[in-house]
Amino acid sequence: MTDQHTVVAECAARAKAAAPALAAASDEAIDNAIGEMAARLSSARAKVLAANAEDVAAAEAAGMSGGLLDRLRITEDRLSDMAEQLRLLAGVPHPPRETPVRELDGGLKLVELRRPVGVIGANYEARPNVTVDVASQLVKSRNAGVLRTGSAALRSATALLKHVIAPALDEAGLDPDAVQLVPTADREAAGALVELPGLVPLVILRGSGESTRELGRRAAQVGVRTLAHADGGGVLYYDSKADPAFATDLIRRSLDRLGVCNRLNLLLVHRDVYDSALPGIRAALDDVRVTPSLPPHTHAIGYEWALDGDREATVTVAPVDDLREAARIANEETSGLAAGIVTEDRATAEEFMAAYTGTGVFWNAPTRLLDGFKLLGVPETGINIDRVPGPRGPVTYTDLTLRQYAVVPV
């Protein structure tokens with residue numbers, strides 16, 4: 001059997017060879033390629049849907065949970081949405097490649113340049129739309145890429161590369177080798193991807209929990225940087241001054257999909273209204289076929305239900321004394337992805353938002369909005385929840401460049 005490191009390294013070498021031409025491409029060529037991807041999602045619709053149907057059938061036979069199946073499945077509507085997002089991305093202006101900063105002594109000036117990384121890797125779960133999201137963001141930022149998806153979505157991803165991404169690049173006059181897909185379902189390919197610092201200096205990691213954290217540790221050992229999205233789970237604090245009807249509707253809207261990271265995971269209710277609010281909360285959860293996990297809990301309060309294939313249709317519900325306790329729990333006992341407050345009191349909302357230190361904070365809005373397209377109008381490569389300087393929140397093409405200083409004559 002071919003060594004997985006060799007397979008991945010060969011993909012990375014092809015991407016690196018194509019990277020300089022992509023970096024030098026005109027804005028028009030870049031946007032034409034992305035627009036052509038959108039067109040080919042329509043013209044190759046039957047081939048993409050057929051490949052995805054094979055993935056879904058195999059996953060169902062293997063016993064994949066409903067939430068994960070929902071993430072894997074491409075419907076006609078989702079395919080149309082993918083194409084529309086690409087069309088919108090193609091029309092988004094490119095940031096300037098050169099920005100004047102200041103004049104220096106001696107007839108010189110400082111200029112800030114934006115340069116692509118070169119080759120960026122991406123390891124992500126069985127979500128076929130991510131293949132297009134990441135590929136389009138890499139092309140928009142003029143970075144070549146090596147994509148590695150979970151085995152459940154490999155047929156879909158292969159069809160998207162073969163019938164959509166590669167021919168679109170070629171049609172726009174760009175090298176189709178700029179976007180590579182690792183052609184193996186072997187999990188060790190993910191480990192190989194994060195251990196090629198000379199070829200792939202940055203890897204986007206999207207996945208579930210410990211496996212993604214382990215890839216991050218392996219990458220750090222060899223000097224590969226990562227943008228990791230390992231954990232999620234939205235938190236909602238139900239304040240004593242919340243409107244009950246609005247609050248229960250918000251709960252329903254926060255659970256429109258279960259197998260996603262930004263769904264409602266933990267509901268914290270002010271103790272003063274806990275007993276009176278609980279019947280409405282139960283009814284809202286019943287409406288969307290979700291079970292409340294009530295005190296006393298036998299699991300960590302921030303346990304992420306989306307990752308539990310047997311009990312994903314669950315939300316943890318717990319009373320808290322006030323917003324400060326709610327913010328503390330959200331900060332210290334959850335992933336720090338997103339938290340919201342439902343209340344009619346502005347001062348309370350502002351205090352909660354100031355106290356929460358996570359990636360996204362929401363007032364009378366669902367944490368489901370923490371998404372690149374919903375917030376920023378462009379697809380994302382992932383949501384970074386690091387608590388250090390750098391791209392945080394939905395990562396888009398504007399985050400995938402390097403800053404370079406140039407000193408030149410005035």
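Quick caveat, the model's predicted, so the values are computed rather than measured.
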Report all side-chain donor-acceptor pairs from residues 346-355 shorter than 3.5 Å, counting only partners two or more places apart or in another chain.
from: Thr348; atom 1: OG1; to: Asp345; atom 2: OD2; distance (Å): 2.7
from: Glu351; atom 1: OE2; to: Arg324; atom 2: NH1; distance (Å): 2.6

In a table with atom names and distances, give each donor-acceptor pair under 3.5 Å that connects a side chain of residues 284-291 to protein atoms at least two apart or in another chain.
from: Asp287; atom 1: OD2; to: Arg252; atom 2: NE; distance (Å): 2.8
from: Asp287; atom 1: OD2; to: Arg252; atom 2: NH2; distance (Å): 3.3

Quick one: side chains of residues 371-384, donor-acceptor pairs under 3.5 Å with protein atoms, not counting sequence neighbours, listed by atom name and distance.
from: Asp371; atom 1: OD2; to: Phe373; atom 2: N; distance (Å): 2.9
from: Asp371; atom 1: OD2; to: Lys374; atom 2: N; distance (Å): 2.9
from: Glu380; atom 1: OE1; to: Gly372; atom 2: N; distance (Å): 2.5
from: Thr381; atom 1: OG1; to: Val395; atom 2: O; distance (Å): 3.3
from: Asn384; atom 1: ND2; to: Pro391; atom 2: O; distance (Å): 2.4

Kindly list each side-chain donor-acceptor pair under 3.5 angstrom involving residues 38-46, sequence neighbours excluded, with atom names and distances?
from: Arg40; atom 1: NE; to: Glu36; atom 2: OE2; distance (Å): 2.9
from: Arg45; atom 1: NH1; to: Glu76; atom 2: OE1; distance (Å): 2.5

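By the ring pair (Phe, Tyr, Trp, His ring centres under 6.0 Å) test, Tyr274 pairs with no residue at all, sequence neighbours left out. Shown here are the side-chain hydrogen bond (donor to acceptor under 3.5 Å, both in side chains) partners of Asp27, two or more places apart in sequence or in another chain: Arg142. By the salt bridge (Lys or Arg N to Asp or Glu O under 4.0 Å) test, Arg187 pairs with no residue at all, sequence neighbours left out. Annotation: ring pair (Phe, Tyr, Trp, His ring centres under 6.0 Å) contacts of His94 (sequence neighbours excluded): none. Partners of Glu98 under the salt bridge (Lys or Arg N to Asp or Glu O under 4.0 Å) rule, at least two apart in sequence or in another chain, do not exist in this structure.
Taking the ring axis of Phe246 as reference, the NZ or CZ atom of Arg253 stays within 45° of it and closer than 6.0 Å to the ring centre.
Pairs passing the salt bridge (Lys or Arg N to Asp or Glu O under 4.0 Å) check and including a residue from residues 293-307, sequence neighbours excluded, do not occur. Within the structure, the salt bridge (Lys or Arg N to Asp or Glu O under 4.0 Å) test picks out the following pairs touching residues 328-337 (sequence neighbours left out): Arg328-Glu332, Arg328-Glu333. Sorted by first then second residue, the salt bridge (Lys or Arg N to Asp or Glu O under 4.0 Å) pairs that include residues 256-265, not counting sequence neighbours, are Asp70-Arg257, Asp256-Arg368.
A salt bridge is defined here as a Lys NZ or Arg NE, NH1 or NH2 lying under 4.0 Å from an Asp or Glu carboxylate O, and Asp177 with Arg14 fails to meet this definition.
Crowding of Arg271 atom CZ: a count of heavy atoms from other residues, nucleotides or ligands under 6.0 Å exceeding 12.
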